[in-house]
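Worksheet: one structure, shown below.
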Amino acid sequence: MDALLLTLVFAASLAGFCALSLAMDRHSEDVSGRGSTPGPWRRWLQLGGTVLLCLSLGASLQAAGSSIGWVLWLGALTAAALATVALLGYAPRRFAWIGSVAAAITVGGGLVYLLMA
């Protein structure tokens with residue numbers, strides 16, 4: 001398996017879960033302070049999170065094939081969900097920054113993968 005694709009699977013899963021959790025009022029308040037809601041960004045965060053999770057599925061199927069790729073994807077989802085919960089609990093002020101870095105790694109790694117192929 002290609003290490004770049006495995007990195008893409010986890011980074012896209014983490015960024016997707018970060019975006020989906022920031023679309024929720026409770027988690028948005030935890031990250032940005034009381035009284036702040038995602039407002040008009042809610043739909044964009046939901047759409048971006050969904051696209052990132054689908055991208056992680058595609059990368060895992062590309063990395064490990066159609067049989068093991070699903071198992072790899074579920075494992076990456078589990079690890080990314082645990083990381084998301086830990087970040088919300090222990091570092092809520094850095095949560096949006098870490099999610100943005102994961103999204104940037106996903107985009108950059110995806111472009112590198114496409115250029116290498």
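Residue numbers start at 1 and run along the sequence shown. Heavy atoms only: backbone and side chains are in, while hydrogens, waters and symmetry mates are out.
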Determine whether T106 and L14 satisfy the following criterion, side chain to side chain contact (heavy atoms under 4.5 Å, CB included), listing intermediate values before the conclusion. CA-CA 10 Å; T106 302; L14 180 63; over 6 Å; no

Derivation and outcome, side chain to side chain contact (heavy atoms under 4.5 Å, CB included), residues R43 and Q46: CA-CA 5 Å; R43 293 289 175 207; Q46 290 172 343; 2.9 Å; yes

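For the pair S60 (side chain) and V9 (backbone), a donor-acceptor distance under 3.5 Å is absent.
The side-chain heavy atoms of L53 and L57, taken from C-beta on, include no pair separated by under 4.5 Å. Contact of the S21 side chain with the F95 side chain is registered, since non-hydrogen atoms from C-beta on lie closer than 4.5 Å.
Residue M24 is not grouped with residue W44 when hydrophobic side chains (ILVMFWY) are merged at heavy-atom distances under 4.5 angstrom, including chains of intermediate members. Side-chain heavy atoms closer than 4.5 Å link hydrophobic residues (I, L, V, M, F, W, Y) into clusters, and following such links, even through other members, never connects L82 to I98. Taken together through direct or relayed side-chain contacts under 4.5 Å among Ile, Leu, Val, Met, Phe, Trp and Tyr, L22 and I105 form part of one hydrophobic cluster. When the side chains of ILVMFWY residues are joined at heavy-atom separations under 4.5 Å, either directly or via intervening members, I68 and W70 end up in two distinct hydrophobic clusters.
Scanning all heavy atoms of the two residues, the minimum distance from A76 to F10 falls at O-CD1, 4.3 Å. When all heavy atoms are compared, the tightest approach of A15 to A103 is CB-N, 3.6 Å. Minimum interatomic distance between R93 and V31 (heavy atoms only, all atoms of both residues): NH1-O, 2.8 Å. Counting all heavy atoms, side chain and backbone alike, P92 lies closest to Y90 at CD-C, 3.6 Å.
Rounded to the nearest 0.5 Å, atoms CG (L88) and CZ (R26) are 9.5 Å apart.
Under the rule for a side chain to side chain contact (heavy atoms under 4.5 Å, CB included), the partners of W97 that lie at least two apart in sequence or sit in another chain are V101. Scored by the salt bridge (Lys or Arg N to Asp or Glu O under 4.0 Å) test, R42 finds D25 as partners (sequence neighbours excluded).
Within the structure, side-chain hydrogen bond (donor to acceptor under 3.5 Å, both in side chains) pairs that include any residue of residues 7-19 comprise S13-S56 (at least two apart or interchain). Residue pairs meeting the side-chain hydrogen bond (donor to acceptor under 3.5 Å, both in side chains) criterion with at least one partner in residues 75-87, sequence neighbours excluded, do not occur; the list is empty.
When hydrophobic residues (I, L, V, M, F, W, Y) are linked wherever their side-chain heavy atoms come within less than 4.5 Å, the members clustered with L5 are L4, L8, V112, Y113, M116. The hydrophobic cluster containing L114, built from Ile/Leu/Val/Met/Phe/Trp/Tyr side-chain heavy atoms closer than 4.5 Å, comprises no other residue.
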